[in-house]
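Naming convention: chains lettered A, B, ... in sequence-line order (proteins, then strands); numbering from 1 in each chain.
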Amino acid sequence: AQSVTQLDSHVSVSEGTPVLLRCNYSSSYSPSLFWYVQHPNKGLQLLLKYTSAATLVKGINGFEAEFKKSETSFHLTKPSAHMSDAAEYFCVVSITLTNAGKSTFGDGTTLTVKP
Amino acid sequence: EPEVTQTPSHQVTQMGQEVILRCVPISNHLYFYWYRQILGQKVEFLVSFYNNEISEKSEIFDDQFSVERPDGSNFTLKIRSTKLEDSAMYFCASSIEGPHTDTQYFGPGTRLTVL
């Protein structure tokens, strides 16, 4: 079984300050982990993914995440928030013994960026 | 850049009616998925499809639901007799490989409203 927990339902930062969105996962096997962003009334866009290569993953728009197996975490960070970063962020875990299967989404974190 | 498309963007139907949601995955992708997101809630996996058959489905995906790839380009989700609680945003996704190793590309979603 697999599960993912996003530790904060809402995060509010000021423009230009760092962003930290926390994600912990549970998995019986080596997981793949993803962060997606959803802007209002839009679809889901991939920010970055970890699939057993480098543990520090860089994504689009200045975001990055570090896979820490010992802490079962995959937190998303950005050094300096921009107003356009305001959106819903989803941490996703995927594990399968075959190439079929599913992804499990976290509950989401709403990021608010104050001017 | 190729993208997943979904039609219609918004579907309104009466309870008990059948609806078909349509998706055109990215052309060289082999794995297809449906997810749904009830307003204000997390994104939930419904079903994955590979090699013309369902590879995995969730407990949500009961006998009221079915999927089909009627031709080489479309991937459909049918709900036979809609219920009020089926009102949600439905996302289609596709990937070249399975979800464990590959990015799922999501469409913009179809908002289903059941009255």
Whatever's closer than 4.5 Å to a heavy atom in chain A on B:Gln37 counts as side chain
Check the surroundings of atom [atom1] in [X]: do more than 12 heavy atoms from other residues, nucleotides or ligands lie under 6.0 Å from it?
{"X": "B:Lys42", "atom1": "NZ", "answer": "yes"}
{"X": "B:Asp71", "atom1": "CG", "answer": "yes"}
{"X": "B:Lys83", "atom1": "NZ", "answer": "yes"}
{"X": "B:Arg69", "atom1": "CZ", "answer": "yes"}

Do you know which of A:Leu44, A:Leu33, A:Asp107 has the most heavy-atom pairs with chain B at a distance under 4.5 angstrom? A:Leu44
Output the option from A:Gln6, A:Gln45, A:Gln38 having the highest count of non-hydrogen pairs under 4.5 Å with chain B. A:Gln38
Set out, in order, the CA-CA distance, both residues' side-chain angles and the distance that settles side-chain contact (heavy atoms from CB on, under 4.5 Å) for A:Phe34 and B:Gln104, then state yes or no. CA-CA 10 Å; A:Phe34 306 79; B:Gln104 292 177 53; 6.0 Å; no
Count I, L, V, M, F, W, Y as connected when their side-chain heavy atoms are under 4.5 Å apart, and connections chain through other members. Are B:Leu84 and B:Val12 then in the same cluster? no
In terms of heavy-atom contacts, A:Phe105 and B:Val43 come closest through CB-O, 3.4 Å
